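Both backbone and side-chain heavy atoms feed into the values below; hydrogens, waters and symmetry mates do not. Note that this is a predicted model, so its numbers are computed, not measured. Start at 1 and go down the list; that is how both ligands and their atoms are numbered.
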Amino acid sequence: MSLERIIAALMCSVGYNRTPKGSALDFVGSHILSVDQFERSDIDRLFAVADDMIPYARRSRITRVLRGAILSNMFFEPSTRTRVSFGCAFNLLGGDVRETTEVKWSALAKGESLYDTARVLSGYSDVIVMRHPEEGSVAEFAAASRVPVLNGGDGANEHPSQALLDLYTVRRELGGRRRGMDGLRIAVIGDLRYGRAVHSLLKLLALFDDISIHLVSPPGLEAPADITAALRRRGHTVEVFHRLEDGIHHVDILYVTRTQEERFESQEEADRYRGLFRVNQEIYTEHCEPNTVIMHPLPRDSRDEAQELDDDLIANPNLAIFRQTDNGVLVRMALFAMVLDVADEVHNHSSPVTWYTAKRTPPKSRGRERL
Ligand code: ASP
């Protein structure tokens, strides 16, 4: 399908034409395909709803606000966190989940078009989450869908829900130190060329004020020029580094990423980059400020030859990677609640949890290890 056809179809599709840039995103019925749809006020609204989801994600209460609703979770690329947390988020709101993982088990393997698949599935479901290896494929699918479609990652392009949960995590981690997003200093490290989570996160950061960004990558894996140019146009400070040690000084956040080996022309080419940048406790102690928060969209590559985020950081209280994954459920619940227009109804359909949950919530004494 040509780009023009996709754009034209998208304008007519569910809700998207109601959200021109510069005005508030009308979440209700909208596809969530790109972080370009968001303004700062939309993020604030989404995060307020995510905060409201804490009792449900923590299992203090349950809600059945989406009882009877069906999510089709379509993942045509490997996924653990995104697939399971979208599914759990929908279940936690009381809805049911149907999953297809892998093209070979879907009719796409028989030559069915994304258009036909979207028309069929949107007849079965109330909302669809889709991940696909091709850039733009989720938008093409959404154009034919009669129900809202959420982009679970389209090739090297975008991963909006990951970037939103990353931002939510930054806000919570810094909030504990009475710091806001404006003035944030962040080092984004690794494969910035193919990392879709990075692309979406950098675009979202542009919405805030006075951000200082260190882009730390091996030569050849730099962030796309259009994204860095847009950050600079909005007055942010962007510095490029090719040595890890040079780029991790004086930052609040280290956002480490994996070499996206599945996006390279060949395995040999990917192997040239693997293991070039490894953050471990020694490097952290020597080069970072004492409270620098460590994040990673995960999975981290823990094979000996990679280790971009070493296991020896596990005792470091500033390692936020599992708080980040927990936050993913909150943000994805909020996306469903807002797109399906039940955000104000969640508590009206709730009751206390009756089963054993004590060990889910870490004791307060562990301070920052919280949900
Ligand atoms: N899970 C993230 C993604 O799907 C990051 C990664 O795979 O490295 O893009």
Inset, instruction - Report the relative orientation of the aromatic rings in Tyr194 and Phe264; use parallel for angles under 30°, tilted for 30 to 60°, perpendicular for over 60°. - result: perpendicular
Inset, instruction - Kindly assign one of parallel, tilted or perpendicular to the pair Tyr56 and His347, based on the angle between their ring planes and the thresholds 30° and 60°. - result: parallel
Inset, instruction - Would you check ligand 1 and list the protein residues that come within less than 4.0 Å of it by any heavy atom, ordered by chain and number? - result: Arg131, His159, Arg196, Arg258, Gln260, Leu298, Pro299
Legend entry - Qualifying residue, where the test is side chain to side chain contact (heavy atoms under 4.5 Å, CB included) with Leu309 and the options are Asn280, Thr257, Ile321: Ile321
Inset, instruction - From the options Leu201, Thr169, Ile189, select the one residue that forms a side chain to side chain contact (heavy atoms under 4.5 Å, CB included) with Tyr255. - result: Leu201
Legend entry - Test: Arg332 cationic atom under 6.0 Å from Phe86 six-membered ring centre, within 45° of axis: yes
Inset, instruction - I would like to know whether Arg171 and Asp51 meet salt bridge (Lys or Arg N to Asp or Glu O under 4.0 Å); could you show each step before the answer? - result: CA-CA 12 Å; Arg171 196 196 65 156; Asp51 288 343; 3.2 Å; yes
